[in-house]
Amino acid sequence: MDPPPPPPPDLQCPLQIIKLIEGEETDEGDEKHYSFQLEEDNLDLILRKIPDGMKVSVVSVVGNFRTGKSFLLTFMLRFLRNRHCEGNDWQTAEGECLLEGNQNAGIEGNGE
């Protein structure tokens with residue numbers, strides 16, 4: 001089955017630019033090989049809306065269940081939203097410091 005066509009360029013919606021491709025099982029039996037595919041048409045739709053000269057970064061974070069993906073993205077967003085703060089004040093600008101508290105939470109939960 002073919003994927004649905006991309007939305008028109010003026011429609012505001014999320015677009016997948018990296019597709020996870022599931023491969024065959026490995027010789028070990030229970031592990032599968034995965035690869036990533038760039039969805040160039042969707043990326044082009046996004047890039048057309050960005051003014052010339054504007055700096056853009058694309059960040060993709062992948063990993064197993066409970067390995068810190070959300071923490072990393074929250075950490076990065078907090079830094080970017082509060083980059084006007086002096087020193088390390090950005091870490092607490094939105095309340096609790098992300099680096100304090102129970103840093104071992106979820107270590108036992110690595111897996112499904």
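Hydrophobic cluster membership is shared by Val62 and Val58, with clusters built from Ile, Leu, Val, Met, Phe, Trp and Tyr side chains linked at under 4.5 angstrom. The cluster map of Ile, Leu, Val, Met, Phe, Trp and Tyr, joined by side-chain heavy atoms under 4.5 Å apart, puts Leu43 and Ile18 in the same cluster. Linking Ile, Leu, Val, Met, Phe, Trp and Tyr whenever their side-chain heavy atoms come within less than 4.5 Å leaves Ile21 and Leu38 in two separate clusters. Connection of Leu15 to Val56 is established within a shared hydrophobic cluster, with ILVMFWY side chains joined at heavy-atom distances below 4.5 Å, either directly or through further cluster members.
Separating the CD1 atom in Ile17 from the CG atom in Leu47 is a distance of 8.0 Å, to the nearest 0.5 Å. The line from CG of Asn82 to CG of Asn88 is 12.5 Å long, rounded to the nearest 0.5 Å. The distance from the CD1 atom of Ile50 to the NZ atom of Lys55 is 14.0 Å, given to the nearest 0.5 Å.
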- Query: What do the steps show when you test Tyr34 against Leu20 for side chain to side chain contact (heavy atoms under 4.5 Å, CB included), and what is the final call?
  - Reply: CA-CA 7 Å; Tyr34 294 92; Leu20 180 65; 3.8 Å; yes
- Can Phe71 and Phe75 be said to form a ring-ring contact (aromatic ring centres under 6.0 Å, His included), step by step? CA-CA 6 Å; Phe71 171 83; Phe75 188 85; 5.8 Å; yes
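Using modelled atom types, one side-chain atom of Thr74 and one backbone atom of Ser70 make a donor-acceptor pair closer than 3.5 Å. Arg78 places no side-chain N or O within 3.5 Å of a backbone atom of Trp90 that could act as its donor or acceptor partner. Side-chain atoms of Asn42 come within 3.5 Å of backbone atoms of Gln16 as a donor-acceptor pair (strictly under, hydrogens ignored). One N or O on the side chain of Lys69 and one on the backbone of Asn64 form a donor-acceptor pair closer than 3.5 Å.
Counted within 6.0 Å of CD on Glu40, heavy atoms from surrounding residues, nucleotides or ligands total 12 or fewer; the atom is thus considered open.
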